[in-house]
Amino acid sequence: MIRSKLIAGNWKMNKDIHETVTLVNEIKERVKSLETSPAEASVDIVICPPFISLVVAAGLIKGTQIKLAAQNMYYQNDGAYTGETSARMLKAVGCEYVILGHSERRQYFEETNELINLKIKQALSNKLTPIICVGETLEERVSGVTDQIITTQVKGVLSGLTMQEIEKIVIAYEPVWAIGTGKTATTDQANQVHKLIRKLVSQLYSWAIAEKLIIQYGGSVNAQNAFELLSQSDIDGALVGGACLKSDSFTSIIGSAIEAMKK
Ligand code: PEP
């Protein structure tokens, strides 16, 4: 089955409002010339600027094929949660996606699978597509427990999701040791974990659902390695960190997804 490819740029805590305007305008200009529906399915493009730039970014991408995501959210919709932002608020400014459970959130902000699960449910009930991150650390990979870690994370974050809900999620496999390090998982290493995730979802739900699930790879994806990664059978896109901060490398990765789609 042909799945769409989803290329999302996670800006993390980079780019102030002025730099946001410049980068979004550059991406817009470069994306215009790309044919993003080369096959039966398409290449979807998402940018994830910091919260404070979402409103401005939403205005700039209006009428284009670029979609908007936030990098995090809280699991309640309103209330006395100083400093937090809710799914309802993200939806209201035009977000269609939200990254949840990124390894930096797990590492620096102690997010657990249980908390991420609550956030996923809230995102879905506000019609936001969660991009749910899972991935093992270097220590875990070296000690041979990658499959167990991924299984625990996938089961934990998806706990209690209905058949209808599961059709509206995206999973991003991001080996923690490959994030921001310049080390990429080999195409085989990545594809194997993607296959495991698909198998888990088929066991928890159904093969028909698993087959449609978009599973992105993330971890030092760049203009040089994107085509090979995106050409793998079970890699349906990329969650891009460092390389999305420059319009040329980000659009080159989108171009690689288009090429991979034509294969
Ligand atoms: C990320 O943070 O999701 C990521 C994959 O970062 P990088 O591409 O910089 O490794």
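Reckoned from all heavy atoms, side chains included, excluding hydrogens, waters and symmetry mates.
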| Any residue meeting side chain to side chain donor-acceptor pair (under 3.5 Å) with Asn222, in chain and number order, not counting sequence neighbours | Asn225
| message | Nearest 0.5 Å, please: how far is OG in Ser4 from CG in Asp44? | response | 5.0 Å
| task | Give the minimum heavy-atom separation between Ala185 and Leu229, together with the two atoms involved. | result | O-CD2, 4.1 Å
| Taking the side chain from Gln232 and the backbone from Asp188, do they hold a donor-acceptor pair closer than 3.5 Å? | no
| task | Evaluate the side-chain proximity of Asp236 to Arg198: yes if any heavy-atom separation is below 4.5 Å, no if none is. | result | yes
| query | Between CD1 of Ile66 and OG1 of Thr36, what distance do you get to the nearest 0.5 Å? | reply | 10.0 Å
| query | If two hydrophobic side chains count as joined below 4.5 Å and joins carry through other members, does Ile131 share a cluster with Leu90? | reply | no
| query | Is the backbone N or O of Met261 less than 3.5 Å from a side-chain atom of Lys5, with the two atoms forming a donor-acceptor pair by type? | reply | no
| task | Examine Val240 and Val193 and state if one hydrophobic cluster contains both, with Ile, Leu, Val, Met, Phe, Trp and Tyr joined whenever side-chain heavy atoms are less than 4.5 Å apart. | result | yes
| query | Between Ser86 (side chain) and Asn77 (backbone), is there a donor-acceptor pair under 3.5 Å? | reply | yes
| task | Assign the ring pair Tyr173 / His194 to parallel, tilted or perpendicular, where the plane angle (0 to 90°) is split at 30° and 60°. | result | perpendicular
| query | For the side chain of Arg106 and the backbone of Cys133, is there at least one donor-acceptor N/O pair under 3.5 Å apart? | reply | yes
| note | Value for CD1 (Ile179) from CG (Leu239), rounded to nearest 0.5 Å, stands at 8.0 Å
| message | Could you go through Ile169 and Leu158, starting from their C-alpha distance and side-chain angles, then the distance that decides it, and tell me whether this counts as side-chain contact (heavy atoms from CB on, under 4.5 Å)? | response | CA-CA 10 Å; Ile169 67 159; Leu158 300 186; 3.7 Å; yes
| From Ile27 atom CD1 to Ile47 atom CD1, the distance as rounded to the nearest 0.5 Å | 5.5 Å
| query | Do Val21 and Val56 have side chains that get closer than 4.5 Å, going by heavy atoms? | reply | yes
| query | Taking atom CD1 of Ile52 as the centre, does the number of heavy atoms from other residues, nucleotides or ligands within less than 6.0 Å exceed 12? | reply | no
| message | Please determine whether a side-chain nitrogen of the Lys or Arg among Glu165 and Lys168 lies less than 4.0 Å from a carboxylate oxygen of the Asp or Glu. | response | no
| query | More than 12 non-hydrogen atoms from neighbouring residues, nucleotides or ligands closer than 6.0 Å to NZ on Lys199, yes or no? | reply | no
| Would Tyr217 and Thr184 count as a side-chain contact (heavy atoms from CB on, under 4.5 Å) if you check the C-alpha gap in whole Å, the side-chain angles of each, and the deciding distance to 0.1 Å? | CA-CA 10 Å; Tyr217 170 78; Thr184 328; 3.6 Å; yes
| message | Hydrogens and angles aside, do His102 and Glu111 bring a side-chain donor and acceptor to less than 3.5 Å of each other? | response | no
| Contact check, side chains of Ile7 and Leu230, non-hydrogen atoms, under 4.5 Å | yes
| field | Joint cluster assignment, Tyr205 & Trp207, ILVMFWY side-chain distance < 4.5 Å | value | no
| query | Within the side chain of Gln216, is there an N or O that forms a donor-acceptor pair under 3.5 Å with the backbone of Ala238? | reply | yes
| Which pair of non-hydrogen atoms, one from Ala57 and one from Pro49, has the smallest distance, and what is that distance? | CB-CG, 4.0 Å
| Minimum heavy-atom distance between Ala123 and Leu100, given as atom pair plus value | CB-CD1, 4.2 Å
| If you round to the nearest 0.5 Å, how far is CD of Gln76 from CG of Leu118? | 8.5 Å
| Do Ser42 and Ser37 have side-chain atoms, one donor and one acceptor, less than 3.5 Å apart? | no
| query | Hey, are Asn113 and Lys155 close enough side-chain-wise for a donor-acceptor pair under 3.5 Å? | reply | no
| message | Before you tell me yes or no, could you show the steps for Ile120 and Val157 under side-chain contact (heavy atoms from CB on, under 4.5 Å), namely the whole-Å CA-CA distance, both residues' side-chain angles and the distance that decides it to 0.1 Å? | response | CA-CA 8 Å; Ile120 292 168; Val157 296; 3.8 Å; yes
| Donor-acceptor pair, side chain of Lys119 and main chain of Met73, under 3.5 angstrom | yes
| request: Report yes if the side chains of Arg105 and Asn72 come closer than 4.5 Å at any heavy-atom pair, otherwise no. | output: yes
| Cluster question for you: counting only ILVMFWY and a side-chain heavy-atom cut-off of under 4.5 Å, with indirect links fine, are Phe250 and Leu68 together? | yes
| message | With a sphere of 6.0 Å drawn around CD of Glu228, does it hold more than 12 non-hydrogen atoms of other residues, nucleotides or ligands? | response | no
| Backbone of Asp147 reached by a side-chain donor or acceptor of Thr151 within 3.5 Å | yes
| task | Find the distance between CH2 (Trp177) and OG (Ser103) and round it off to the nearest 0.5 Å. | result | 12.5 Å
| said: Out of the candidates Gln148, Gln153, Arg141, only one should pair with Glu136 under the side chain to side chain donor-acceptor pair (under 3.5 Å) rule; please name it. | reply: Arg141
| task | Give a yes or no on whether the backbone of Ser252 and the side-chain of Ser256 come within a donor-acceptor separation of less than 3.5 Å. | result | yes
| task | Report whether Val46 and Val55 are members of the same hydrophobic cluster (ILVMFWY, side-chain heavy atoms less than 4.5 Å apart, transitive linking). | result | no
| task | May I ask you to check whether Asn191 and Ser233 show a side-chain donor-acceptor distance below 3.5 Å? | result | yes
| message | For Ser125 and Gln122, which I'm curious about, is there any donor-acceptor pair between the side chains at under 3.5 Å? | response | yes
| task | Mind checking side-chain contact (heavy atoms from CB on, under 4.5 Å) for Glu167 and listing every partner two or more places apart, or none if nothing turns up? | result | Ile209, Lys212
| task | With the side chain counted from C-beta on, respond yes when Leu34 and Ile254 share a heavy-atom pair under 4.5 Å apart, and no when they do not. | result | yes
| task | Indicate the atoms forming the closest heavy-atom contact of Gly219 with Glu174, along with that distance. | result | N-OE2, 4.3 Å
| request: Of all the heavy-atom pairs spanning Leu54 and Cys95, show the shortest one and how long it is. | output: CD1-SG, 3.9 Å
| query | Does the side chain of Thr85 reach to within under 4.5 Å of the side chain of Tyr74, using non-hydrogen atoms? | reply | no
| query | Would you find more than 12 non-hydrogen atoms of other residues, nucleotides or ligands less than 6.0 Å from Lys121 atom NZ? | reply | yes
| task | Begin from the C-alpha positions of Val31 and Gln65 and carry the test side-chain contact (heavy atoms from CB on, under 4.5 Å) through to its verdict. | result | CA-CA 9 Å; Val31 159; Gln65 56 187 315; 3.3 Å; yes
| said: Within the 4.5 Å heavy-atom criterion, are Leu128 and Tyr97 side-chain neighbours or not? | reply: no
| query | Is it true that a side-chain atom of Glu140 and a backbone atom of Thr146 form a donor plus acceptor pair closer than 3.5 Å? | reply | no
| With a 4.5 Å heavy-atom cut-off, do Ile214 and Arg3 have their side chains touching? | yes
| field | Taking every non-hydrogen atom, the tightest pair across Ile150 and Gly135 | value | CD1-CA, 3.7 Å
| message | For Thr186, is there any backbone N or O sitting under 3.5 Å from a side-chain donor or acceptor partner on Gln189? | response | yes
